[in-house]
Chemist: 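One structure follows; several queries about it will come next.
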Amino acid sequence: MANETSRELPVEGEFDCPPEPLPTLRHSASHIMAQAVTELFPGVRLAIGPAIEDGFYYDFARDEPFTPEDLERIEARMREIAKADYPFVREELPRAEAIRFFQERGEVFKVEILNGLAADRVSLYRQGDFVDLCRGPHVPSTGHLKAFKLLSASGAYWRGDERRPMLQRIYGTAWRTREELEQHLWRLEEAKRRDHRKLGRELQLFTFHDVSPGAPFWLPKGMIVFRELERFWREVHDARGYLEISTPILVNKRLWEESGHWEHYRENMFLVEAEEQVFSLKPMNCPESTYVYRHHLRSYRDLPLRFAELGRLHRNERSGTLAGMFRVRQFTQDDAHIYCRPDQLEAEITGVIEIVQLIYGTFGFEPRFSLSTRPAKAMGDPALWEQAETALAEALRKRDLPYEVRAGEGAFYGPKIDVVISDVLGRAWQLATIQLDLVMLPERFALEYIDADGKAKRPVAIHRAIYGSFERFVGILTEHFAGAFPTWLAPVQVRVLPVSERHVAYGRSVLDRLRSAGLRAELDERSEKLGYKIREAQLQKVPYMLVVGEREAQAGTVSLRRRGGDDLGQIPLDRFIAEVTAEVSARSMKSPLG
RNA sequence: GCCGGCGUAGCUCAGAGGUAGAGCAGCCGAUUCGUAAUCGGCAGGUCGUCGGUUCGACUCCGACCGCCGGCUCCA
């Protein structure tokens with residue numbers, strides 16, 4: 001991931017944004033915004049203003065933050081600048097001259113950027129009276145900016161460094177056409193409608209309370225989703241030779257000193273003191289899994305050992321970073337540590353990739369893979385690194401999976417595969433990681449196995465998670481499905497709706513049948529009109545509504561209505577149960593009915 | 001942690017230096033209803049917490065806590 005500095009100030013490369021139409025337009029939009037701001041707020045200093053995914057921003061140095069009213073004025077001024085259709089004019093000059101130019105104007109940030117550049121000559125872009133240091137490219141003139149909108153203002157550190165001044169950042173979005181802009185704004189609205197914090201409350205899945213910031217209270221309905229995910233996960237792992245373990249949550253600080261976490265991760269750990277000893281809530285499962293490995297002497301015949309653990313972890317994240325289920329302080333990782341011989345790596349990685357495909361496919365996610373290779377500061381045997389990277393690449397290649405190589409992006413203790421998915425709104429989420437560990441666990445914890453030659457050898461470890469964390473995964477699923485979970489995950493799968501109280505008795509017999517068939521069913525026996533009951537079931541996103549009245553009671557049927565759909569007419573109860581139980585056991589995404 | 005915004009009933013929100021209101025949800029009653037809201041009544045809040053100013057604070061000031069949007073960080 002590019003940081004602020006590398007994104008803005010690459011040592012090499014000719015442009016400040018990808019020379020494609022949309023990034024160019026957005027980059028130009030940021031210049032137009034900067035022009036508007038300098039005109040409306042004299043004395044504001046300019047920092048940087050790049051194109052980003054879906055839009056652009058510009059950072060300004062100003063004592064006062066920008067208010068929503070300020071944004072409206074800036075946007076209005078931008079429209080005037082666009083209408084004036086000033087051409088973007090490129091000028092080149094010696095760097096020293098540019099430094100003088102910006103120094104005279106008090107543009108200290110531009111001077112700092114220029115001082116950090118290696119180039120002899122630099123370029124400026126001018127539109128109207130506004131000049132900015134920039135390598136381009138830009139659209140020919142300001143009139144090309146037609147479909148844009150300013151979205152928000154916030155603080156941002158100069159060069160992303162919290163020790164440096166806080167700047168005022170304004171975000172905007174820009175598109176080629178009005179239609180594209182409207183569509184993007186609709187996506188933003190839709191994301192708000194699907195917000196898992198809102199849906200979690202409305203659907204009674206989970207809640208938060210200030211007695212434990214960053215830690216969810218799982219409500220009964222949310223717990224059903226959690227348990228179904230857990231059940232699925234266990235089925236998959238049990239069938240593939242994983243051995244489930246569970247290790248302590250509260251652990252003496254000695255362990256973290258041994259693992260190195262005490263030195264590098266202490267500020268993120270919750271500490272507890274008892275009887276003059278310091279303990280920590282575990283932020284990771286890995287070190288403790290080595291104790292299971294070392295529980296007795298291992299033979300080469302024992303390997304691979306696949307220890308799975310649904311460990312509850314605590315990490316003391318900085319308060320400002322918490323965000324619903326997406327960023328919590330307490331979470332449940334679907335972890336596993338595989339200990340194997342180097343020659344088993346490829347087969348083990350292949351096994352993990354198969355699990356990723358199987359599990360993600362069930363939710364309709366298409367995983368994308370990237371391979372991060374040996375960094376400069378790597379530790380461990382170079383030959384083993386070579387073998388490990390080859391194993392990862394071969395595992396992907398043999399399954400015909402395209403992947404992006406991130407050279408040098410691996411951890412110092414091993415290369416890894418990261419897995420990313422996109423949800424229905426096109427938002428990318430990094431979920432699974434397959435992290436090889438040639439150093440940390442094997443070396444620090446002195447892991448060994450006795451090989452065929454009778455000598456002690458060092459195994460390698462694979463850290464891997466599929467969901468990542470149940471909390472975040474449930475948050476993602478909630479937004480992805482907008483709360484309308486596939487039937488197998490739905491907290492309530494069927495709701496029986498008697499037309500009037502006269503039909504409650506038949507409704508109860510239907511309910512009993514559904515429950516004996518293992519379906520999660522409810523009966524709405526309140527003295528309300530049918531329309532009211534339907535509305536509520538609909539809002540609760542219950543997959544199936546069964547209307548029962550006189551006709552159904554006579555015929556032994558139910559009248560079916562799908563979530564979000566219409567009246568599908570009568571169906572024999574037996575058939576309904578057979579279809580839906582099949583749908584559930586197949587963990588299908590689609591209903592066989594309607 | 002930093003910048004900014006916000007915190008009034010379970011939820012969504014109104015109000016305001018003289019001590020609080022609506023809709024929905026809840027409870028009670030009536031209604032017995034055929035595919036997205038039946039009617040009436042009742043109850044519900046030390047206005048996030050602590051401190052200060054004031055005759056008087058939910059309202060003004062300060063600190064803290066929490067939430068939201070970003071920055072940084074990240075499963």
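Every chain is numbered from 1 and lettered A, B, ... according to where its sequence line falls, protein lines coming before strand lines.
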Chemist: Would you mind pulling out the nucleotide paired to B:G4, Watson-Crick or G-U wobble, both distances under 3.5 Å?
Modeler: B:C68
Chemist: Measure the distance from CZ on A:Arg169 to P on B:G69 and round it to the nearest whole Å.
Modeler: 16 Å
Chemist: Starting at atom CD of A:Glu202, determine the distance to atom P of B:C11, rounded to an integer number of angstrom.
Modeler: 12 Å
Chemist: Could you work out the separation of B:U19 and B:C58 based on their P atoms and round it to a whole Å?
Modeler: 12 Å
Chemist: Report the base-pairing partner of B:A36 (Watson-Crick or G-U wobble, both distances below 3.5 angstrom), or none.
Modeler: none
Chemist: What does B:C47 pair with, Watson-Crick or G-U, if both distances are under 3.5 Å?
Modeler: none
Chemist: Rounded to the nearest angstrom, tell me the gap between atom CE in A:Met269 and atom C1' in B:C74.
Modeler: 17 Å
Chemist: Taking the C1' atom of each, how far is B:A9 from B:A30, in whole Å?
Modeler: 27 Å
Chemist: Without hydrogens or angle criteria, can the side chains of A:Thr332 and A:Glu471 be said to hold a donor-acceptor pair below 3.5 Å?
Modeler: yes
Chemist: Under 4.0 Å between a side-chain nitrogen and a carboxylate oxygen: does that hold for A:Lys533 and A:Glu536?
Modeler: no
Chemist: Using the P atom as the reference point in each nucleotide, state the distance between B:C60 and B:A22 in Å, no decimals.
Modeler: 23 Å
Chemist: Regarding A:Ser591 and A:Tyr544, do their side chains bring together a donor and an acceptor under 3.5 Å, going by distance alone?
Modeler: yes
Chemist: From NZ of A:Lys416 over to C1' of B:A75, roughly how many Å is that when rounded to an integer?
Modeler: 11 Å
Chemist: With rounding to the closest Å, how many angstrom separate the C1' atoms on B:G15 and B:G21?
Modeler: 7 Å
Chemist: In whole angstrom, what separates A:Glu550's CD from B:C33's C1'?
Modeler: 13 Å
Chemist: If I pick the C1' atom on B:C13 and the same atom on B:C6, what distance separates them, to the nearest angstrom?
Modeler: 14 Å
Chemist: Could you give the CD1-to-P distance, from A:Ile434 to B:A75, as a whole number of Å?
Modeler: 15 Å
Chemist: Determine the interatomic distance between P on B:U59 and the same-named atom on B:G17; round to the nearest Å.
Modeler: 11 Å
Chemist: Which nucleotide, if any, forms a Watson-Crick or G-U wobble pair with B:C60, using both distances under 3.5 Å?
Modeler: B:G52
Chemist: Could you tell me the separation between the CZ atom of A:Arg327 and the P atom of B:C74, rounded to a whole number of Å?
Modeler: 8 Å
Chemist: Whole-Å distance between B:C74 C1' and A:Glu267 CD?
Modeler: 13 Å
Chemist: Any chance the side chains of A:Glu309 and A:Thr247 put a donor and an acceptor closer than 3.5 Å?
Modeler: yes
Chemist: For B:C24, give the paired nucleotide (Watson-Crick: N1-N3 plus N6-O4 or O6-N4; G-U: N1-O2 and O6-N3; both under 3.5 Å), or none.
Modeler: B:G10
Chemist: Distance between the P atoms of B:U72 and B:A36, in whole angstroms?
Modeler: 48 Å
Chemist: When you check the side-chain N and O atoms of A:Arg508 and A:Tyr506, is any donor under 3.5 Å from an acceptor?
Modeler: no
Chemist: Which nucleotide in the list B:A25, B:G69, B:U35 gets nearest to the side chain of A:Ser154?
Modeler: B:G69
